[in-house]
Q: 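Quick one: the structure is below, questions incoming.
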Amino acid sequence: MSDDFTLPDDPGTGTGLVSSPVTPGALLEALNDEQRRAVETTDGPLLVLSGAGTGKTRVLTTRLAYILASGRAQPWRMLAVTFTNRAAREMRERLATMIGPASESLWLGTFHAIGVRILRRHAELVGLKSNFTILDTDDQLRLLKQIMEAEGIDTRKSPPPALMGILQRWKDRGLTPDKVRDESSGERHRREALALFAPYQRRLLAVNAADFGDLLLHNLTLFQNHPDVLAQYQDQFRYILVDEYQDTNVSQYLWLRLLTQRHKNLCCVGDDDQSIYSWRGAEVGNILRFEQDFPGAQVIRLESNYRSSASILAAASGLIRHNKGRLGKDLRAAALDDPGDKVSLRGVWDGEEEARVVVEEIEAEQRQGRSLGEMAILVRAGFQTREFEERFIITGVPYRVVGGPRFYERQEIRDAIAYLRVILQPDDDLALVRILNVPKRGLGDSTLQTLHLVARGQGVTLMEAARRLVETDELRPTARVALRALIADFDRWRDQVDRKGARELTALMLDESGYMAMWLADRSPDAPGRIENLKEMVAALEEYENLAGFLEHVSLVMENDQRNDHDRVTVMTLHAAKGLEFDVVFLPGWEEGLFPHQRALEEGGDRALEEERRLAYVGITRARRRVFVSFAANRRVYGRWQTAIQSRFISELPPGAVRQATAPGVPGGRRGFGEYRYDWKASGWREGGGNAPVIDVPARQVVTQASFSPYPVGDRVFHQKFGYGVVRDVDGEKLSILFDKTGMKKVMTRFVQKG
DNA sequence: CTAATATTTATTTTT
DNA sequence: TAAATATTAG
């Protein structure tokens, strides 16, 4: 199919093209019809609706390579933006194999990385210096708290994270303080947030820092106030490509619109059915409105799915059809011969049983030769991972939990980075505050107060205030000496930035500051791990030219280097699973209140329900061969037992694509979800009902604790296996018993007798 | 300034 | 329940 290529393919025409290892025609050969159209439609606005598993990345990379190879643009005139570093890296790697080194001069990266690249060049135009610091969530909150104190807003009545959230949403929408609409009649938090917005932004500029939202927001201000700069980039970026367009927020949308004005060659790839980040400011509307926003836009649907079995696709499609606000798209199985296994549905008594059953299923798959790395448990909320972990530990099945604290979010790493930040950027008040008294130097709250006082009074940064303060006798002598020493330390380290390698300097700093010594002296069990982490960080520094490069990497690419190495079952949230695929996928916790999540329903109504449904869709479409959905009648949440009915999503799965697994019943072999359901009005289990959901019933009600127990707290009891013990807690049928020999255990009532 | 104790409050988290 | 944070006593 290489001969239907009709465009100039002549490197000799003086377009300054790189010699390319492939011809445009060859690139198209590996594509199906719809994919090929998505690649060949190079000019004008284009929306590629790519369903799960339809070869999106292939289209993206091929399109880039095609445009280059056909001589339409030089690499540096192409902009390709993604959301994650992972996506950017993957694209870059694939491109490198397709077109070679030319791929390196492409503007390819995350929205934030590209934003930073542009912003560093023109930082002064928005009031920053080009070496500005990028703050993470932690720093943002600290800063906001400071401002709240200064503005007299009670941090207890108004939780800083909540206010920060409001600020972030404004930024996501491209709003600067002057553009937020009057909130004086709005609710209290919004009023307060607005009052804080301008001071917060001023403070960021004062400490020469930007938060994540600012990276794009400043780009917008820059473009709006400096048309010449905008024109330069508009001109440069002849072709613009956007991945995961359904996840863009307003600010990213505006940014793209500005940049694309001139050439209008904007290609957005996305899937409205996989939009699951509205709570972070993503606007599904962006993708739904694409055709109106960009006149003359073409829309191409990729619906041929190469990943999942027909049964799985049927289940997913049937479910997502219940959503109203969608562009409409149906996945077709590329392999039509075998529909594959139906989605397995299973009700269990409680979370513990669910974990047991799932892990049994995993072991069964493993016995049939399925590798553990091809199986994943996808949960709605992080706390669900615990029960699975416990089960994995008991059974000895290797697993890994994705998520958790990232390397660069660990306390010791953040501390070390704070030191480095102060070295490079003495104005970085936040970093200074973080390590001022770490390790303990006798520079506690009171010293910090005076420091703040002087800084605010004289309008200088904390470091400068510190310099002035040690020349006076305002501080206690001990504090003054300590502070003077610290300033001298930093001056000395800073002096060596250019003379020593990043690695050497950091090691020196960790040593001289006493920070390493602090952990060495620490007797707590996690101290050795922290020392290891610090060493690892120092070792990682080897790869960087200088400290600044390292810090940039840290703030933008804070990745979990969870090596995918071994054969382990993956446990992670549904959100984290987007973009991944496995042979076998387990979807536990399909209960009203957990999934869809109660809070989403309360706060976001129907829109949120549809997003939850999309999340379910994402979950199902991760699977190639098998899907196991399960739900528990009882679950322990925040220490209380709660009862729930099965998720409405279960009844939305098309019956033909689903198989009810045999109801296992409770440990005593009585109730399984298949035969029984809880009747709220009568407060009891009723026969029948099967899969029929009972929507009008309040989900996740707290079950009032059994008013009596044959073994009240304090009773002495005997257990066949564990021997004698004392009842410490009663939870319905479960007793927590402190056994004389084996310690605390949870046991069902019927396994014990009076002792 | 530090350490012990009370209180609070619990989704999802690409950068 | 348990972790994180705020308060208060030493």
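To find a chain, count down the sequence lines: A is the first, B the second, and so on, and within it residues start at 1.
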Q: Between B:dT11 atom C1' and A:H597 atom NE2, what is the distance in whole Å?
A: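 For the pair A:H597 NE2 and B:dT11 C1', the rounded distance is 4 Å.
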
Q: On a heavy-atom basis, which atom in A:A88 and which in A:T82 lie closest, and how many Å separate them?
A: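 So the minimum-distance heavy-atom pair works out to CB-OG1, 3.5 Å.
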
Q: Whole-Å distance between C:dA2 P and A:R640 CZ?
A: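 Roughly 13 Å, once rounded to whole Å.
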
Q: In whole Å, what is the span from the CD atom of A:E611 to the P atom of B:dT13?
A: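 Computing the A:E611:CD to B:dT13:P distance gives 13 Å.
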
Q: Between the base of B:dT12 and the ring of A:W279 - centre-to-centre under 5.5 Å, planes within under 30° - is that a stack?
A: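 Stacking is present between B:dT12 and A:W279, given that their ring centres fall under 5.5 Å apart and the planes under 30°.
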
Q: A:G213 near the nucleic acid: base, sugar-phosphate alone, or nothing, with a heavy-atom cut-off under 4.0 Å?
A: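 Touches nothing.
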
Q: State, without any angle test, whether A:Y617 and A:N323 hold a side-chain donor-acceptor pair at a distance under 3.5 Å.
A: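 Side-chain D/A pair, A:Y617 to A:N323: absent.
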
Q: So does A:D138 pair up with A:R434, basic N to acidic O under 4.0 Å?
A: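 Looking at A:R434 together with A:D138, the answer is yes, because their closest N to O distance falls below 4.0 Å.
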
Q: OP1 or OP2 of B:dT11 sitting under 4.0 Å from any side-chain N/O of A:T573?
A: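 False: A:T573 side-chain N/O out of range (4.0 Å or more) of B:dT11 OP1/OP2.
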
Q: At under 4.0 Å, does any side-chain N or O of A:N437 touch on OP1 or OP2 of B:dT2?
A: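 So the side-chain polar atoms of A:N437 do come within 4.0 Å of the phosphate oxygens OP1 or OP2 of B:dT2, strictly under.
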
Q: Let me know the distance between NZ of A:K145 and C1' of C:dA6, rounded to the nearest Å.
A: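 It works out to 10 Å between those atoms.
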
Q: At 4.0 Å (heavy atoms only), tell me whether A:L378 reaches a base, stays on the sugar-phosphate, or touches nothing.
A: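 Contact class for A:L378: none.
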
Q: Take the protein atom CD of A:Q598 and the nucleotide atom P of B:dA10, then report the distance between them rounded to whole Å.
A: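 Roughly 14 Å, once rounded to whole Å.
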
Q: Across all strands, who's sitting opposite B:dT13 as a Watson-Crick or G-U wobble pair, both distances under 3.5 Å?
A: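 For B:dT13, the partner nucleotide comes out as none, under the 3.5 Å rule.
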
Q: With respect to the side chain of A:R636, which nucleotide from C:dT1, B:dT15, B:dT12 is positioned closest?
A: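 Nucleotide nearest to A:R636's side chain: C:dT1.
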
Q: Within the stacking criterion (centroid distance below 5.5 Å, interplanar angle below 30°), does A:H112 stack on B:dT15?
A: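 Ring-base stacking flag not set for A:H112 and B:dT15.
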
Q: Output yes if the stacking criterion (under 5.5 Å between centres, under 30° between planes) is met for A:Y638 over the base of C:dA2, else no.
A: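 It does not: the ring fails the test against the base of C:dA2.
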
Q: For A:E612 and A:R380, run salt bridge (Lys or Arg N to Asp or Glu O under 4.0 Å): C-alpha distance rounded to whole Å, both residues' side-chain angles, the deciding distance at 0.1 Å, then the answer.
A: CA-CA 9 Å; A:E612 295 283 300; A:R380 173 67 243 268; 2.7 Å; yes

Q: Does A:R599 contact B:dT11 through a side-chain donor or acceptor facing the base, at a distance under 3.5 Å?
A: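 Absent.
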
Q: Taking the C1' atom of each, how far is B:dT12 from C:dT5, in whole Å?
A: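 It works out to 23 Å between them.
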
Q: Applying salt bridge (Lys or Arg N to Asp or Glu O under 4.0 Å) to A:R326 and A:E610, what does each step give before you reach the verdict?
A: CA-CA 10 Å; A:R326 53 191 294 257; A:E610 297 214 338; over 6 Å; no

Q: Closest-nucleotide mapping onto DNA chain B: is A:A576 or A:T447 further toward the 5' terminus? I mean the 5' end.
A: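 Mapping each residue to its closest nucleotide by heavy atoms, the 5'-most match is A:T447.
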
Q: Under 4.0 Å between any heavy atoms, over every strand shown, what does A:K440 touch: base, sugar-phosphate, or nothing? Just pick one.
A: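 Here A:K440 touches the backbone only, sparing every base.
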
Q: How many whole angstroms separate atom CG of A:D138 from atom P of B:dT13?
A: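 In whole Å, B:dT13 P lies 17 Å from A:D138 CG.
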
Q: What is the distance from CD of A:E552 to C1' of B:dT15, rounded to the nearest Å?
A: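 Computing the A:E552:CD to B:dT15:C1' distance gives 12 Å.
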
Q: With nearest nucleotide decided by heavy atoms, which residue, A:S446 or A:D247, maps closer to the 5′ end of DNA chain B?
A: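 Counting from the 5' end, the first nearest nucleotide belongs to A:S446.
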
Q: Does the pair A:E611 and A:R614 meet the rule for a salt bridge (Lys or Arg N to Asp or Glu O under 4.0 Å), with working shown?
A: CA-CA 5 Å; A:E611 180 149 322; A:R614 291 194 290 268; 3.3 Å; yes

Q: Please measure how far the C1' atom in C:dA6 lies from the corresponding atom in B:dT11, and state the result in whole Å.
A: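 Pairwise C1' distance, C:dA6 against B:dT11, rounds to 25 Å.
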
Q: Name the pairs: protein N/O against N/O of nucleotides 7-10 of chain C, kept only if under 3.5 Å.
A:
| from | atom 1 | to | atom 2 | distance (Å) |
| --- | --- | --- | --- | --- |
| C:dT7 | OP1 | A:R156 | NH1 | 2.8 |

Q: Do A:S130 and A:R120 meet the criterion of a side-chain donor-acceptor pair at a distance under 3.5 Å?
A: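 Distance-only check fails for A:S130 and A:R120.
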
Q: Hey, are A:Q201 and A:D214 close enough side-chain-wise for a donor-acceptor pair under 3.5 Å?
A: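 Their side chains do contain a donor-acceptor pair, which is all the 3.5 Å distance test asks for.
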
Q: What is the minimum heavy-atom distance between A:F111 and A:T248, and which atoms define it?
A: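 So the two residues come closest at CZ-CG2, 3.8 Å.
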
Q: Base, sugar-phosphate or nothing for A:G442? Non-hydrogen atoms, less than 4.0 Å.
A: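 A:G442: backbone/sugar contact only, no base atoms under 4.0 Å.
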
Q: Donor-acceptor pair under 3.5 Å: do we get one between A:R280's side chain and the base of B:dT15?
A: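 Indeed there is one.
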
Q: Looking across every strand, which nucleic acid part, if any, lies under 4.0 Å from A:A600 by heavy atom: base, sugar-phosphate, or nothing?
A: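 Base contact - A:A600 has a heavy atom under 4.0 Å of at least one base atom.
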
Q: Which whole-number value in Å describes the distance from A:E390 CD to C:dA2 C1'?
A: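 Answer to the nearest Å: 13 Å.
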
Q: If you compare every side-chain N and O of A:Y277 against the phosphate oxygens of B:dT11 (OP1, OP2), does one of them come in below 4.0 Å?
A: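 False: A:Y277 side-chain N/O out of range (4.0 Å or more) of B:dT11 OP1/OP2.
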
Q: Taking a pair as Watson-Crick or G-U wobble with both distances under 3.5 Å, which nucleotide is matched to B:dA6?
A: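 Paired with C:dT5.
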
